[in-house]
Q: 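This is the structure, below, for whatever I ask next.
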Amino acid sequence: MTDEPLPVTLADIEQATRRIEGRILPTPFALSASLSERCGVPVGLKLEHHQVTGSFKLRGATNAVLSLSAEQRTRGVVAASTGNHGRALSHAASAEGVTATICMSTLVPENKVREIRRLGARVRIVGRSQDEAQAEVDRLVAGEGLVMVPPFDDPSVVAGQGTLGIEIVAAMPDVATVLVPLSGGGLAAGVAAAVKGLSAKTRVIGLTMDRGAAMKASLDAGRPVQVEEVASLADSLGGGIGLDNGVTFRMCRDLLDEVILLTEAEIAAGIRHAYREEREVIEGAGAVGMAALLSGRLGILDGPVAVVLSGRNIDMELHRRVINGAADLFGEQAA
Ligand SMILES: *Cc1c(COP(=O)(O)O)cnc(C)c1O
C-alpha cells in the first residue's frame, strides 16, 4: 500500500458526469421483487444493459473522446476491441465527428465487422489473432498519430464508468452492498471510487467467472499476472489486465471489499433468472451479480443491495439455449 492518491477520484467522476450528460442514457434502477424476497433485503437492479450500444462501455468511451484535445480529435481514435468497447468507441467517436478505427483479426465473424461499421467506425482487418490486431493499433499510434482509447486501464475511461456508481447512490441512497461485474476492472474501479466517495461504509464486491479470472489472480499475487484465457458464457469478462497495468489494478486492490468467482452453471442461472423473473435479456458478463445472489456464495448480506446488469450483447441463439436449460455450454471445450 502507498499513500499516493488513486488515479481516479470522486471529483473526476463528478466531472465526467457533467461532461457526458446528454450523450449517454441515465439508465433505470428497478427494485427486484423476486430477489428481494429471496434475499430478505431490498435488491435493486441497475439496468445498464439498456444503455446505448448495449453496455456501460459507452460511458467510459464517451468521457475519453470528450477529453481529447482539439488536435487529438483531428487525428482520430483507435482500439482493437470487437466487443462492447469497440461498439461503444465507434458510437462515441462518430457522435462527436471523430474518426474511430477499430482493428480486428481475419478471424472475427462478418456480423461483428458489419456491426462496428454500422456504428460509424473504419475497420482494419489485419492478422490472425487479437495480438496481431493490437500490434496494428500500436503501428497506427506510432506511425499516424492516432490516439488509442484502452478498454479499461485509463483514467478517463474509469471516470466515465464511475458515473454509473453515482446514479446507483442517487437511486438507493442507503445502499449497503454493490455487486459489480469485474474483468479488466474499469467498471469496478470507477463504481467503487464513486460509491465509496459518496458512502464510505458501502461494500463493493467484484464478480467474475472462475475461468481465467485475471484480476482475481493478480490481486492474489499482489501484482498483475497473466492467466490462460478460456471460453466462457461471460465472454465480455475474458482477457488479461495488462502486465503494465497502471490504473485499475491499484484501484481494485484498494477499493474492492471482495472478489467472488462464479461457475458457468451459476452464470447461466443468472441469465435465466433475468429472463424469466425480470423479463430482461442480458449477456453472461451482465448476469454475474444476479448469479452471485442466487448461488448463495455471498453469505450474510448487508442490504439494501444494488446489482449492476452491465450488458445485453449476447448471441440470441446462445441465449435461447441457455434459457432452455443448457448450463455448461463451453464445458467440453474447457476440459
Ligand atoms: C467490459 C465488460 C465488463 C467488464 O468491465 P471491466 O471494466 O473490463 O472490468 C462487464 N460486463 C460487460 C457487459 C462488459 O462489456
Side-chain angles (χ1 to χ4, degrees), residues 7-8 27 46-61 63-64 79-92 112 115 149-165 178-194 204-209 212-219 224 227 229 232-242 245 247-253 255-256 259-262 267 270-271 274 280-292 307-315 319:
V8 178
T27 48
K46 180 62 172 164
L47 304 178
E48 184 66 12
H49 59 299
H50 290 293
Q51 187 56 259
V52 178
T53 70
S55 84
F56 70 88
K57 293 268 191 343
L58 189 65
R59 295 174 185 264
N63 193 47
S81 159
T82 61
N84 288 333
H85 175 60
R87 300 164 66 107
L89 185 62
S90 302
H91 179 91
K112 285 206 172 185
E115 173 71 9
V149 177
F152 54 85
D153 197 33
D154 175 282
S156 66
V157 170
V158 171
Q161 321 303 30
T163 62
L164 194 155
V178 177
L179 303 181
V180 56
L182 172 68
S183 174
L187 176 64
V191 167
V204 180
I205 302 177
L207 294 317
T208 192
M209 73 282 200
M215 183 62 85
K216 171 71 170 145
S218 300
L219 292 171
V227 296
E229 213 174 313
S232 166
L233 208 40
D235 57 331
S236 293
L237 300 182
I241 70 164
N245 188 294
V247 177
T248 60
F249 172 71
R250 192 149 75 88
M251 291 187 72
C252 288
R253 184 192 63 195
L255 297 175
L256 293 183
V259 173
I260 290 174
L261 306 182
L262 297 152
I267 295 168
I271 294 175
E280 302 286 348
V281 172
I282 56 175
E283 59 178 284
V288 289
M290 288 189 168
V307 185
V308 177
L309 278 54
S310 55
R312 67 162 179 233
N313 293 320
I314 185 169
D315 176 84
H319 190 264

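For ligands, and for the atoms within them, numbers begin at 1 and follow the listed sequence. Bear in mind the structure is a predicted one, so any value in this text is a computation, not a measurement.
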Q: Using side-chain contact (heavy atoms from CB on, under 4.5 Å) as the criterion, list what pairs up with Ala192, not counting sequence neighbours.
A: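 Once residues adjacent in sequence are excluded, the partners of Ala192 under the side-chain contact (heavy atoms from CB on, under 4.5 Å) criterion are Val204, Leu255, Leu256.
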Q: Protein N/O near ligand 1 N/O, under 3.5 Å, which pairs?
A:
unit_1   : atom_1 : unit_2 : atom_2 : d
ligand 1 : 7 (O)  : Gly186 : N      : 2.9
ligand 1 : 7 (O)  : Leu187 : N      : 2.9
ligand 1 : 8 (O)  : Gly184 : N      : 3.0
ligand 1 : 9 (O)  : Ser183 : N      : 2.8
ligand 1 : 9 (O)  : Gly184 : N      : 3.2
ligand 1 : 9 (O)  : Gly185 : N      : 2.7
ligand 1 : 11 (N) : Ser310 : OG     : 2.7
ligand 1 : 15 (O) : Lys57  : NZ     : 2.7
ligand 1 : 15 (O) : Asn84  : ND2    : 2.7

Q: Dump the intermediate steps for side chain to side chain contact (heavy atoms under 4.5 Å, CB included) on Lys46 and Val178, then the final yes or no.
A: CA-CA 10 Å; Lys46 180 62 172 164; Val178 177; over 6 Å; no
Q: Taking only distance into account, with no hydrogens and no angle test, what donor-acceptor pairs under 3.5 Å do side-chain atoms of residues 234-242 form with protein atoms, sequence neighbours excluded?
A:
unit_1 : atom_1 : unit_2 : atom_2 : d
Ser236 : OG     : Asn84  : ND2    : 3.4
Ser236 : OG     : Glu283 : OE1    : 2.6

Q: Hey, could you give me each pair passing salt bridge (charged side-chain N to carboxylate O under 4.0 Å, His left out) that has a residue in residues 50-60? Not counting sequence neighbours.
A: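 Qualifying pairs, neighbours excluded: Glu48-Arg59, Arg59-Glu167.
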Q: Would you mind telling me which of Leu187, Leu207, Leu309, Val191 makes a side chain to side chain contact (heavy atoms under 4.5 Å, CB included) with Pro181?
A: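 Running side chain to side chain contact (heavy atoms under 4.5 Å, CB included) over Leu187, Leu207, Leu309, Val191 with Pro181 returns exactly one hit, Leu187.
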Q: If you measure from NE2 on His50 to OG1 on Thr27, what distance do you get to the nearest 0.5 Å?
A: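 Answer for the NE2-OG1 pair, His50 versus Thr27, is 8.5 Å.
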